[in-house]
Amino acid sequence: MVTVFRLWFLTLLLFSPVALSELCNPQDKKVLLQIKKDFNNPYLLASWNPDTDCCQWYCVECHPKTHRITSLVILSSVPETNFSGQIPPSVGDLPYLETLEFHKLPKLTGPIQPTIAKLTKLKELYISWTNISGPVPDFLAQLTNLQFLDLSFNNLSGPIPSSLSRLPNLLSLRLDRNRLTGPIPDSFGSFKRPGPSIVLSHNQLSGPIPASLANIDPQRIDFSRNKLEGDASMLFGSNKTTQMVDVSRNLLAFDLSKVEFPSSLISLDLNHNKITGKIPVGLTAVDFLQGFNVSYNRLCGEIPQGGRLQKFEVDSYFHNKCLCGSPLPTCN
């Protein structure tokens, strides 16, 4: 009889909404319900029932011991048409949040909510594939625990704030596929080494690449499809460990001949620029090169023989001034 009673009691604990709700911090639950209301009670948040434990709700994760909300990830595998509005101010009232994400929500509009600056424990902020607009806000520099900042595929405009370089723990910065203008901040050369991976492609950035970027050693750099001018050689160096560099489809003009490349390089894309000189022999020593494109430039001379340079197709080299040698036609 005692065993039966224990089983009944455990079953009651497991399935009782009242018992489960005790795990969820009441203030966190109140904030989440306000967020749901501000988004006009979308179907995506249908599981957010005030009679159940908010730690069990879809899109939400709680700390296993304190049961405070640590993650709010609102995304849709297909563009969510029922989810509309602006990021509500109440998101800033989840003080233990470490991850905040809004993804593939095309009717999410307005600016990046200023109250996000209150989330001092935030490590990951992803707002991507939405229709948010306005500037990349300066207040993001206050989130000093941030490791991943992804604001890609939105309608953000204006300059990139130089203050982002004050994020000491940043590992990855993505601002690609927006309408950002102006230069790459010179302050980006003062990121704590090795520096975050920086992806700024598909914007309207202009001016020179800052020489200060010689001071950092990010794993990935993608500045492609902008209006950048001048030199890009500071992105390279035999002492660096960078793996991927894409500065294609810009207005870059520098002599490639004397550039030293890191042996760690896996992918290099320089196509559609105004780069002159020869392909350096040193590239034959880059053993792990998987992607390579220098087409549509003003390069000249024989393609160095050896390494992986002959593994790439003709279209990695064509439309240059006078490049020759395998895989292009033999030099005269």
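As the structure is a computational prediction, the values presented were derived from the model and not from experiment.
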Can you check whether C54 and C24 have SGs under 2.5 Å apart?
yes
Is the SG of C331 found under 2.5 Å away from the SG of C324?
yes
Atom [atom1] in [X], atom [atom2] in [Y]: separation rounded to 0.5 Å?
{"X": "N226", "Y": "S248", "atom1": "CG", "atom2": "OG", "result": "10.0 Å"}
{"X": "S267", "Y": "L289", "atom1": "OG", "atom2": "CG", "result": "7.5 Å"}
{"X": "E101", "Y": "S71", "atom1": "CD", "atom2": "OG", "result": "8.0 Å"}
{"X": "I221", "Y": "S201", "atom1": "CD1", "atom2": "OG", "result": "13.0 Å"}
{"X": "Q219", "Y": "I198", "atom1": "CD", "atom2": "CD1", "result": "12.5 Å"}
{"X": "L173", "Y": "L149", "atom1": "CG", "atom2": "CG", "result": "5.5 Å"}

Residues N145, L167; criterion side-chain contact (heavy atoms from CB on, under 4.5 Å); working and verdict
CA-CA 7 Å; N145 286 307; L167 293 170; over 6 Å; no
Should we say atom [atom1] of [X] is surrounded by more than 12 heavy atoms from elsewhere, each under 6.0 Å from it?
{"X": "F288", "atom1": "CZ", "answer": "no"}
{"X": "Q310", "atom1": "CD", "answer": "yes"}
{"X": "K118", "atom1": "NZ", "answer": "yes"}
{"X": "E260", "atom1": "CD", "answer": "no"}

What verdict does the side-chain hydrogen bond (donor to acceptor under 3.5 Å, both in side chains) test give for T242 and D217, after you've listed the backbone C-alpha separation in whole Å, the side-chain angles of each residue and the deciding distance to 0.1 Å?
CA-CA 6 Å; T242 301; D217 186 18; 3.2 Å; yes
List the steps and the verdict of side-chain hydrogen bond (donor to acceptor under 3.5 Å, both in side chains) for Q34 and S90.
CA-CA 7 Å; Q34 182 61 48; S90 45; 5.6 Å; no
Taking atom types as modelled, find out whether S163 and D138 have a side-chain donor-acceptor pair closer than 3.5 angstrom.
yes
Using links of under 4.5 Å between side-chain heavy atoms of ILVMFWY residues, direct or through other members, which residues join M244 in one cluster?
none
Verify the cluster assignment for [X] and [Y]: are they in a single hydrophobic cluster under the rule of side-chain heavy atoms below 4.5 Å apart?
{"X": "I127", "Y": "F139", "value": "yes"}
{"X": "L200", "Y": "L170", "value": "yes"}
{"X": "Y58", "Y": "V31", "value": "yes"}
{"X": "I266", "Y": "L171", "value": "no"}

Could you give all pairs that pass the ring-ring contact (aromatic ring centres under 6.0 Å, His included) test and reach [range], with sequence neighbours left out?
{"range": "residues 151-176", "result": "W129-F153"}
{"range": "residues 267-286", "result": "H272-Y296"}
{"range": "residues 213-261", "result": "F236-F261"}
{"range": "residues 191-212", "result": "F188-F191"}

How would you list, by chain and number, every residue that makes a side-chain contact (heavy atoms from CB on, under 4.5 Å) with E98, sequence neighbours excluded?
K123
Applying ring-ring contact (aromatic ring centres under 6.0 Å, His included), name anything that partners F148, two or more places apart in sequence or on another chain.
none
ring-ring contact (aromatic ring centres under 6.0 Å, His included) partners of F292, counting only residues at least two apart:
F312, Y317
Taking only Lys NZ, Arg NE, NH1 and NH2, and the carboxylate oxygens of Asp or Glu, determine whether R68 and D28 approach each other closer than 4.0 Å.
yes
Give the C-alpha distance, both sets of side-chain angles, the deciding distance and a yes or no for side-chain contact (heavy atoms from CB on, under 4.5 Å) between L72 and I35.
CA-CA 11 Å; L72 178 59; I35 290 172; 4.1 Å; yes
Check the pair L94, T70 against side-chain contact (heavy atoms from CB on, under 4.5 Å), reporting the backbone distance first and the verdict last.
CA-CA 8 Å; L94 295 169; T70 57; over 6 Å; no
Please check this pair: side chain of N154 against backbone of L156, looking for a donor-acceptor N/O pair closer than 3.5 Å.
no
Identified ring pair (Phe, Tyr, Trp, His ring centres under 6.0 Å) counterpart of F83 within the set F39, Y43, F102:
F39
Report the C-alpha separation of L32 and W57 in whole Å, then their side-chain angles, then the decisive distance to 0.1 Å, and conclude whether the side-chain contact (heavy atoms from CB on, under 4.5 Å) test is met.
CA-CA 10 Å; L32 290 173; W57 291 354; 3.7 Å; yes
Taking all atoms of both residues into account, what is the closest heavy-atom pair of N250 and K227, and its distance?
OD1-N, 3.3 Å
Looking at A117 and L143, what are the two nearest heavy atoms and their distance?
O-CD2, 3.8 Å
Those residues that, when tested against N293, pass side-chain hydrogen bond (donor to acceptor under 3.5 Å, both in side chains) (two or more places apart):
S295
Taking only residues two or more places apart in sequence or in another chain, which ones pass side-chain hydrogen bond (donor to acceptor under 3.5 Å, both in side chains) with R220?
none
Any side-chain heavy atom of P218 sitting closer than 4.5 Å to one from P196?
no
Check whether any side-chain heavy atom of L108 lies under 4.5 Å from a side-chain heavy atom of I87, and answer yes or no.
yes
Not counting sequence neighbours, which residues clear disulfide bond (SG atoms under 2.5 Å apart) with C59? List them please.
none
L256: which of N297, I275, L283 passes side chain to side chain contact (heavy atoms under 4.5 Å, CB included)
I275
Set out, in order, the CA-CA distance, both residues' side-chain angles and the distance that settles side-chain hydrogen bond (donor to acceptor under 3.5 Å, both in side chains) for T276 and D255, then state yes or no.
CA-CA 5 Å; T276 58; D255 186 347; 4.8 Å; no
Could you list all the disulfide bond (SG atoms under 2.5 Å apart) pairs where at least one residue sits in residues 225-303, not counting sequence neighbours?
C300-C322
